[in-house]
Amino acid sequence: QVQLVESGGGLVQPGGSLRLSCAASGSIFSINAMGWYRQAAGNKRELVATITSGGSTNYADSVKGRFTISRDNAKNTVYLQMNGLKPEDTAVYYCNAEQWQSLLHRSYYYWGQGTQVTVSS
(Lines give C-alpha, C1' and ligand atoms only; values in the text may rest on other atoms or scores of the structure.)
Protein backbone atom coordinates (compact mmCIF):
# COMPACT_ATOMS: atom_id res chain seq x y z
CA GLN A 1 0.00 0.00 0.00
CA VAL A 2 3.01 2.26 0.52
CA GLN A 3 6.01 2.28 -1.78
CA LEU A 4 9.35 3.78 -0.79
CA VAL A 5 12.02 4.60 -3.36
CA GLU A 6 15.51 5.64 -2.30
CA SER A 7 18.04 7.49 -4.41
CA GLY A 8 21.34 9.32 -4.05
CA GLY A 9 23.74 6.56 -3.09
CA GLY A 10 27.11 6.09 -4.70
CA LEU A 11 30.88 6.01 -4.25
CA VAL A 12 32.62 8.84 -2.42
CA GLN A 13 36.03 9.47 -0.89
CA PRO A 14 36.50 9.78 2.87
CA GLY A 15 35.44 13.23 4.00
CA GLY A 16 33.00 13.59 1.14
CA SER A 17 29.25 14.15 1.19
CA LEU A 18 26.11 12.52 -0.16
CA ARG A 19 22.43 13.33 0.06
CA LEU A 20 19.94 10.48 0.10
CA SER A 21 16.27 10.89 -0.78
CA CYS A 22 13.28 8.66 -0.11
CA ALA A 23 9.90 9.33 -1.69
CA ALA A 24 6.74 7.64 -0.41
CA SER A 25 3.78 6.93 -2.67
CA GLY A 26 0.56 4.93 -2.63
CA SER A 27 -1.59 4.95 0.50
CA ILE A 28 0.51 7.58 2.21
CA PHE A 29 -2.08 8.78 4.71
CA SER A 30 -1.38 8.37 8.42
CA ILE A 31 2.39 8.08 7.98
CA ASN A 32 3.97 9.03 11.29
CA ALA A 33 7.73 8.62 11.55
CA MET A 34 10.15 8.11 8.69
CA GLY A 35 13.78 7.22 8.95
CA TRP A 36 16.96 5.68 7.66
CA TYR A 37 18.61 2.41 8.58
CA ARG A 38 21.78 0.86 7.25
CA GLN A 39 23.32 -2.58 7.00
CA ALA A 40 27.01 -3.15 6.38
CA ALA A 41 28.26 -6.40 4.86
CA GLY A 42 28.33 -9.08 7.51
CA ASN A 43 26.61 -6.84 10.05
CA LYS A 44 23.11 -6.33 11.39
CA ARG A 45 20.78 -3.56 10.29
CA GLU A 46 21.01 -0.51 12.53
CA LEU A 47 19.12 2.72 12.97
CA VAL A 48 20.74 5.84 11.53
CA ALA A 49 18.16 8.58 12.03
CA THR A 50 14.42 9.11 12.38
CA ILE A 51 12.07 12.07 12.06
CA THR A 52 8.42 12.48 13.01
CA SER A 53 5.79 14.35 11.03
CA GLY A 54 6.22 17.16 13.55
CA GLY A 55 9.95 17.41 12.90
CA SER A 56 11.41 15.73 15.99
CA THR A 57 14.66 13.93 15.15
CA ASN A 58 16.75 11.14 16.59
CA TYR A 59 20.26 10.08 15.55
CA ALA A 60 22.58 7.19 16.20
CA ASP A 61 25.62 8.27 18.21
CA SER A 62 27.92 7.27 15.37
CA VAL A 63 26.45 9.87 12.99
CA LYS A 64 25.64 12.78 15.30
CA GLY A 65 27.18 16.00 14.07
CA ARG A 66 27.76 14.59 10.59
CA PHE A 67 24.34 13.50 9.29
CA THR A 68 21.14 15.53 9.11
CA ILE A 69 17.68 14.11 8.50
CA SER A 70 14.91 16.31 7.12
CA ARG A 71 11.42 15.87 5.77
CA ASP A 72 9.04 17.47 3.30
CA ASN A 73 5.58 16.43 4.46
CA ALA A 74 3.87 17.89 1.40
CA LYS A 75 5.98 15.66 -0.85
CA ASN A 76 6.11 12.73 1.57
CA THR A 77 9.85 12.69 1.13
CA VAL A 78 12.62 12.25 3.68
CA TYR A 79 16.26 13.21 3.14
CA LEU A 80 19.55 12.30 4.72
CA GLN A 81 22.43 14.74 4.27
CA MET A 82 25.68 12.92 5.02
CA ASN A 83 28.83 14.97 5.56
CA GLY A 84 32.28 13.96 6.68
CA LEU A 85 31.76 10.42 5.44
CA LYS A 86 33.99 7.67 6.83
CA PRO A 87 34.79 4.20 5.50
CA GLU A 88 32.74 2.73 8.35
CA ASP A 89 29.67 4.45 6.89
CA THR A 90 29.82 2.04 3.96
CA ALA A 91 26.54 0.12 3.90
CA VAL A 92 23.24 -0.35 2.16
CA TYR A 93 20.92 2.40 3.37
CA TYR A 94 17.23 1.65 3.72
CA CYS A 95 14.32 4.04 4.03
CA ASN A 96 11.58 3.23 6.53
CA ALA A 97 8.09 4.58 7.13
CA GLU A 98 5.66 3.91 9.97
CA GLN A 99 1.97 4.02 9.15
CA TRP A 100 -0.92 3.80 11.57
CA GLN A 101 -3.51 1.44 10.11
CA SER A 102 -6.75 2.27 11.87
CA LEU A 103 -8.65 -0.71 10.44
CA LEU A 104 -6.14 -3.10 11.97
CA HIS A 105 -5.47 -0.89 14.99
CA ARG A 106 -1.73 -1.22 14.66
CA SER A 107 1.35 0.35 13.13
CA TYR A 108 2.81 -1.08 9.96
CA TYR A 109 6.37 -0.57 8.77
CA TYR A 110 7.39 -0.21 5.13
CA TRP A 111 10.87 -0.50 3.69
CA GLY A 112 12.55 0.73 0.55
CA GLN A 113 14.76 -1.41 -1.65
CA GLY A 114 17.98 0.11 -0.35
CA THR A 115 20.72 2.20 -1.90
CA GLN A 116 24.44 1.44 -1.69
CA VAL A 117 26.80 3.96 -0.11
CA THR A 118 30.50 3.20 -0.44
CA VAL A 119 33.18 5.38 1.18
CA SER A 120 36.65 4.50 -0.07
CA SER A 121 39.86 6.02 -1.36
Side-chain angles (χ1 to χ4, degrees):
Q1 292 183 324
V2 174
Q3 296 81 46
L4 303 175
V5 180
E6 302 105 326
S7 62
L11 173 65
V12 296
Q13 296 185 148
S17 298
L18 283 174
R19 190 188 192 215
L20 305 183
S21 299
C22 173
S25 61
S27 300
I28 57 177
F29 59 89
S30 298
I31 290 180
N32 297 318
M34 297 185 72
W36 292 93
Y37 291 70
R38 67 186 182 186
Q39 185 169 15
N43 217 325
K44 64 179 181 179
R45 189 173 299 185
E46 64 178 359
L47 182 147
V48 177
T50 60
I51 184 169
T52 68
S53 59
S56 297
T57 59
N58 183 52
Y59 296 92
D61 289 340
S62 59
V63 306
K64 287 181 179 177
R66 299 188 298 121
F67 291 9
T68 302
I69 189 170
S70 61
R71 180 171 178 172
D72 186 335
N73 289 330
K75 297 180 179 179
N76 290 292
T77 301
V78 64
Y79 307 92
L80 185 68
Q81 178 66 46
M82 304 184 294
N83 299 325
L85 284 163
K86 305 174 181 179
E88 50 262 45
D89 295 318
T90 296
V92 177
Y93 284 70
Y94 296 91
C95 180
N96 169 267
E98 177 193 10
Q99 182 187 57
W100 175 251
Q101 297 185 338
S102 59
L103 274 63
L104 300 176
H105 204 69
R106 69 169 187 176
S107 290
Y108 192 86
Y109 299 89
Y110 296 90
W111 294 91
Q113 81 287 352
T115 184
Q116 177 70 48
V117 172
T118 302
V119 185
S120 177
S121 299

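All values below come from the heavy atoms of this structure, side chains included, with hydrogens, waters and symmetry mates left out. This chain uses plain numbering: 1 for the first residue, then up along the sequence.
- When the side chain to side chain donor-acceptor pair (under 3.5 Å) test is applied to Asn76, no partner is found at least two apart in sequence or on another chain.
- Taking the side-chain contact (heavy atoms from CB on, under 4.5 Å) definition, one finds that Leu104 meets it with Gln101, Arg106, sequence neighbours left out.
- Partners of Tyr108 according to the ring pair (Phe, Tyr, Trp, His ring centres under 6.0 Å) rule, which considers only residues two or more places apart in sequence or in another chain, are Tyr110.
- Heavy atoms of other residues, nucleotides or ligands lying less than 6.0 angstrom from CD of Glu88 number more than 12.
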Would you mind writing out the side-chain donor-acceptor pairs for residues 8-37 within the sub-3.5 Å range, not counting sequence neighbours?
{"unit_1": "Ser17", "atom_1": "OG", "unit_2": "Asn83", "atom_2": "OD1", "d": "2.9"}

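- In this structure Lys44 satisfies the side-chain contact (heavy atoms from CB on, under 4.5 Å) test with no other residue, sequence neighbours excluded.
- With sequence neighbours left out, the side chain to side chain donor-acceptor pair (under 3.5 Å) criterion links Glu46 to Arg38.
- Among residues at least two apart or in separate chains, ring-ring contact (aromatic ring centres under 6.0 Å, His included) pairs with a member in residues 43-101 are Trp100-His105.
- Counting only residues at least two apart or in different chains, side-chain hydrogen bond (donor to acceptor under 3.5 Å, both in side chains) contacts with residues 111-121 comprise Glu6-Gln113, Gln116-Thr118.
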Q: Step by step, work out the side-chain contact (heavy atoms from CB on, under 4.5 Å) result for Met82 and Asp89.
A: CA-CA 10 Å; Met82 304 184 294; Asp89 295 318; over 6 Å; no

Review item, side-chain donor-acceptor pairs of residues 48-58, under 3.5 Å, at least two apart:
{"unit_1": "Thr52", "atom_1": "OG1", "unit_2": "Gly54", "atom_2": "N", "d": "3.3"}
{"unit_1": "Thr52", "atom_1": "OG1", "unit_2": "Gly55", "atom_2": "N", "d": "3.3"}
{"unit_1": "Thr52", "atom_1": "OG1", "unit_2": "Ser56", "atom_2": "N", "d": "3.2"}

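- Among residues two or more places apart in sequence or in another chain, the salt bridge (Lys or Arg N to Asp or Glu O under 4.0 Å) test is passed with Lys64 by Asp61.
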